[in-house]
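Just so you know, residue 1 is the first one in the sequence shown, and it goes up from there.
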Amino acid sequence: DGEAFRERSKEHNRRGSKAPGGSMANSCQKCGSKFLTAANFCHDCGAKQVVTERSVPATFKFFRGTQALFKESGMPEAEFEGMSLVANKFGLPIAEIWKHRQNFEALDLDANGLVSLEEFAKGVRARCNIALDKPIPKELLDMNWFDAEGNIDFEKYLSWALRVENTEHMMVTCPEERLLRALSRDHGLSPPDVDRAKRIFDDSCVDGESVLREKGFRDLMAKLLQADTKDIPHNTFRRCWIDLVRGNSAGGIDFATFLGWYVKCAEFTDV
């Protein structure tokens, strides 16, 4: 009786697979037995199957993708719903929202869900390498982002981060590189010209110093004039030196001061 039942089942499957509109996608290529899902071999005749594409439900793909997101980003599953709502509101991928959330939590030192003005300013200085004796640019620290108590929540922080992410301080975090860019704009020079002047300046400084001393400046003048140091009139050199070093507490010439002099007094030729 069992053998007869199996034979009737096979015959029923064959008829179903040959019916008009019937699909062979989930049927045995040899005996025609149907499967619930794609398989590597037939459960009736044992014939190996050629599976061209496995049908994966969309819900399963979403679930699998979500699990990958948790694994790659380290986001706890408990945060998923909240991050999804913010992602839909801002039209951004959840992974990007979570990255900004982690940055926000790093600033929220007391973990109360709000970042104070003091915490925020400290984080901006660290992120952009802004020294304590330098002011934070207004576009990075605008009081309009903060509430009456001087705090900023995550969504306000996210709006701020998206607004400033392409500003110079956020994209160029090296203070020296920002200075060179600013000097290039101020003097109407191309970046290669400023880089060349910086190399000339650095070559004339004493090792480890960022200012040009008197002897180094004298040697540099001689190099630019293609002359010997003793051929430079003493009064001319002293007048030039005193004008440039005036007001500099380090007792030397910094690069910004040197560049202003170099633009006025020197030709932009290789030396």
Review point. Could you go step by step and tell me if D202 and K198 meet the side chain to side chain contact (heavy atoms under 4.5 Å, CB included) rule?
Key: CA-CA 6 Å; D202 289 342; K198 186 67 166 63; 2.9 Å; yes

Got a second to check how far [X]'s [atom1] is from [Y]'s [atom2], nearest 0.5 Å?
X    : Y    : atom1 : atom2 : value
M170 : N166 : CE    : CG    : 9.5 Å
L85  : I94  : CG    : CD1   : 9.5 Å
L220 : R213 : CG    : CZ    : 15.0 Å
L212 : D203 : CG    : CG    : 11.0 Å
K223 : T229 : NZ    : OG1   : 14.0 Å

Practice item. Just say parallel, tilted or perpendicular for the rings of F217 and W241, cut-offs at 30° and 60°. Key: tilted

Practice item. Could you tell me whether K122 atom NZ has more than 12 heavy atoms of other residues or ligands within 6.0 Å of it? Key: no

Exercise for review: Kindly write out the residues that satisfy salt bridge (charged side-chain N to carboxylate O under 4.0 Å, His left out) with K156, not counting sequence neighbours, or none if the list is empty.
Suggested key: none

Report yes or no: does [X] contribute a side-chain atom to a donor-acceptor pair with the main-chain N or O of [Y] at less than 3.5 Å?
X    : Y    : answer
R125 : K134 : yes
D254 : T257 : yes
D108 : N112 : yes
N129 : T173 : yes

[X] to [Y] - nearest heavy-atom pair and separation:
X    : Y    : result
S184 : P191 : OG-N, 3.7 Å
H187 : G260 : CE1-CA, 3.7 Å
L141 : A121 : CD2-CB, 4.4 Å
W145 : S159 : CZ3-CB, 3.7 Å
H100 : Y157 : O-CE2, 3.6 Å
E209 : C205 : O-CB, 3.9 Å

Practice item. Take L117 and M143 through the side chain to side chain contact (heavy atoms under 4.5 Å, CB included) test and state the conclusion after the steps. Key: CA-CA 9 Å; L117 178 59; M143 291 304 299; 3.9 Å; yes

Check your understanding: Can you name the one residue among Q102, E79, M83 that meets side chain to side chain contact (heavy atoms under 4.5 Å, CB included) with I97?
Key -> M83

Point to revise | Heavy-atom side-chain proximity of W261 to I253 below 4.5 angstrom | key: no

Practice item. List the steps, then state whether side chain to side chain contact (heavy atoms under 4.5 Å, CB included) holds for F258 with S204. Key: CA-CA 11 Å; F258 165 77; S204 302; over 6 Å; no

Check your understanding: Do Y262 and F201 make the cut of ring centroids closer than 6.0 angstrom?
Key -> no

Check your understanding: Quick one: are the ring centres of F120 and W160 less than 6.0 Å apart?
Key -> yes

Practice item. I would like to know whether N103 and L107 meet side chain to side chain contact (heavy atoms under 4.5 Å, CB included); could you show each step before the answer? Key: CA-CA 7 Å; N103 293 338; L107 298 177; over 6 Å; no

Study note, to complete from the structure: For residues 80-97, the side-chain hydrogen bond (donor to acceptor under 3.5 Å, both in side chains) pairs (sequence neighbours left out) are K89-E155

